[in-house]
Structures are given as C-alpha cells and as structure tokens.
Amino acid sequence: QVKLVESGGGLVQAGGSLRLSCAASGRSFNTYAWGWFRQAPGKEREFVAGISWNRANTHYADSVKGQFTISRDNVKNMVFLQMNNLKPEDSAVYYCAAGVVAGGRTILDYNFWGQGIHVTVSS
C-alpha cells in the first residue's frame, strides 16, 4: 500500500522557519517528480514547489520563490520543504505529492498524495 506521510508542521511566529518532510512507503518514487501544495481555509489547493526525479530541476510558485526550498532524498524516498521567513499568509495545510509529469504545477499532474499537515504562522 502506497503511503505518503508529512511531518514537521506546527505553529511558528512570523519570520520563523519550518522544514516539512514527506516520507513515502509502499513503492519507490525515485523516478517520480515530487511536489508540495498548500490549501488555506476557503481557498483552493495551490502549487508551492516541485522537483524533478533527479533533482536537476526545481520550480516554485512566484509567491514563495526565494523563501522556500524543495529538496529530495531518493535513498530515503523522501522530499523536503524548507520554509524560511514565514508569513501569516503562508498558513495552510501543506501536502506532498508524487507524479510522473515533469514540471507539474497542477493537482492533475500528481498521482499520489499525503494527508496533509498544518502550518500556522502567527503575526
């Protein structure tokens, strides 16, 4: 059974940092692209960051460029999201996802999803 589990979320003050992790089990995702999405209350799920299977390419939403960094560890079957200088508007449920579409930015580009983890940034 394929399972993606996020960790590392929580409450942080504005200006602080968090590092989200996503661990996959049930199959190898070494040839898959990874992505992070987020969904704030009352809003649609939006793309945050993506990384290619070989780490050669990363891409970000304009709103987080220079603030967030995505990385992956193919040995551990994990993906990470380093979030710095967090702002209240970054508060959301964050989801990791895996898919076969390189450079994917939409929900439809990803086939496997985690359950999500809360990130709350206080002002």
Side-chain angles (χ1 to χ4, degrees):
Q1 180 182 0
V2 175
K3 198 173 183 181
L4 306 183
V5 179
E6 300 95 340
S7 61
L11 174 64
V12 63
Q13 288 189 333
S17 298
L18 283 175
R19 186 183 191 229
L20 302 183
S21 299
C22 174
S25 59
R27 67 165 297 153
S28 172
F29 287 95
N30 288 356
T31 60
Y32 279 65
W34 280 105
W36 285 95
F37 287 72
R38 67 185 181 187
Q39 187 168 17
K43 295 188 177 182
E44 293 187 351
R45 193 171 300 188
E46 63 175 3
F47 170 78
V48 173
I51 186 168
S52 62
W53 69 273
N54 61 357
R55 300 189 297 271
N57 296 295
T58 58
H59 52 290
Y60 298 91
D62 288 342
S63 58
V64 305
K65 207 170 287 185
Q67 182 189 359
F68 291 4
T69 303
I70 188 171
S71 60
R72 65 188 292 165
D73 185 330
N74 285 348
V75 173
K76 295 182 179 179
N77 219 17
M78 294 182 71
V79 65
F80 308 96
L81 186 68
Q82 178 67 42
M83 306 186 294
N84 297 328
N85 190 27
L86 283 161
K87 309 165 189 173
E89 52 264 42
D90 294 317
S91 297
V93 177
Y94 283 73
Y95 300 86
C96 65
V100 297
V101 176
R105 289 178 176 264
T106 74
I107 294 173
L108 296 178
D109 294 327
Y110 294 87
N111 308 98
F112 300 94
W113 291 84
Q115 292 298 306
I117 191 163
H118 286 270
V119 170
T120 303
V121 184
S122 63
S123 57

Donor-acceptor under 3.5 Å (Tyr60 side chain, Ile70 main chain):
yes

Applying ring pair (Phe, Tyr, Trp, His ring centres under 6.0 Å) to Trp113 and not counting sequence neighbours gives Phe37

d(Ile51 CD1, Asn57 CG) to nearest 0.5 Å is 9.0 Å

Exercise. Side chains of Leu4 and Phe29: closer than 4.5 Å at any heavy-atom pair?
Worked result: yes

- Message: Please determine whether residues Phe112 and Trp34 belong to a single hydrophobic cluster, defined as Ile, Leu, Val, Met, Phe, Trp and Tyr linked transitively by side-chain heavy-atom distances below 4.5 Å.
- Response: yes

### Message
Under a 3.5 Å distance rule, please check whether Ser91 uses its side chain to pair with a backbone N or O of Val121 as donor and acceptor.
### Response
yes

To the nearest 0.5 Å, atom CZ of Phe47 lies from atom OG of Ser63 at 9.5 Å

Got a list of side-chain donor-acceptor pairs under 3.5 Å for residues 5-26, not counting sequence neighbours?
residue : atom : partner : partner atom : Å
Glu6    : OE1  : Gln115  : N            : 3.2
Glu6    : OE1  : Gly116  : N            : 3.0
Glu6    : OE2  : Cys96   : N            : 3.0
Glu6    : OE2  : Gly116  : N            : 3.2
Ser17   : OG   : Asn84   : OD1          : 3.0

Q. So do the side chains of Ile107 and Glu44 get within less than 4.5 Å of each other, counting heavy atoms only?
A. no

Worked check of side-chain contact (heavy atoms from CB on, under 4.5 Å) between Arg55 and Asn74: CA-CA 9 Å; Arg55 300 189 297 271; Asn74 285 348; 4.1 Å; yes

If we only count heavy atoms from C-beta on, is the Trp36 to Phe68 side-chain gap below 4.5 Å?
no

In this structure, CZ of Arg72 is separated from CZ of Phe80 (nearest 0.5 Å) by 10.5 Å

query = Looking only at atom types and distance, does a side-chain atom of Asn77 sit under 3.5 Å from a main-chain N or O of Arg27, one as donor and one as acceptor?
reply = yes

Correct closest heavy-atom pair for Asn54 and Ser52 would be OD1-OG, 2.9 Å

Glu46 and Arg38, any side-chain heavy atoms less than 4.5 Å apart
yes

ask   = Please walk me through it: do Asp90 and Lys87 pass salt bridge (Lys or Arg N to Asp or Glu O under 4.0 Å)?
value = CA-CA 5 Å; Asp90 294 317; Lys87 309 165 189 173; 5.7 Å; no

Next item on the list: Look at the side-chain heavy atoms of Ile, Leu, Val, Met, Phe, Trp and Tyr, link any pair under 4.5 Å apart, and say whether Leu81 and Ile117 land in one connected group.
Entry: yes

Exercise for review: Answer with yes or no whether the hydrophobic clustering places Tyr95 together with Val64; edges join I, L, V, M, F, W, Y residues whose side-chain heavy atoms lie under 4.5 Å apart.
Suggested key: no

task = Would you kindly confirm whether Val48 and Met83 end up in one hydrophobic cluster when ILVMFWY residues are joined by side chain heavy atoms under 4.5 Å apart?
result = yes

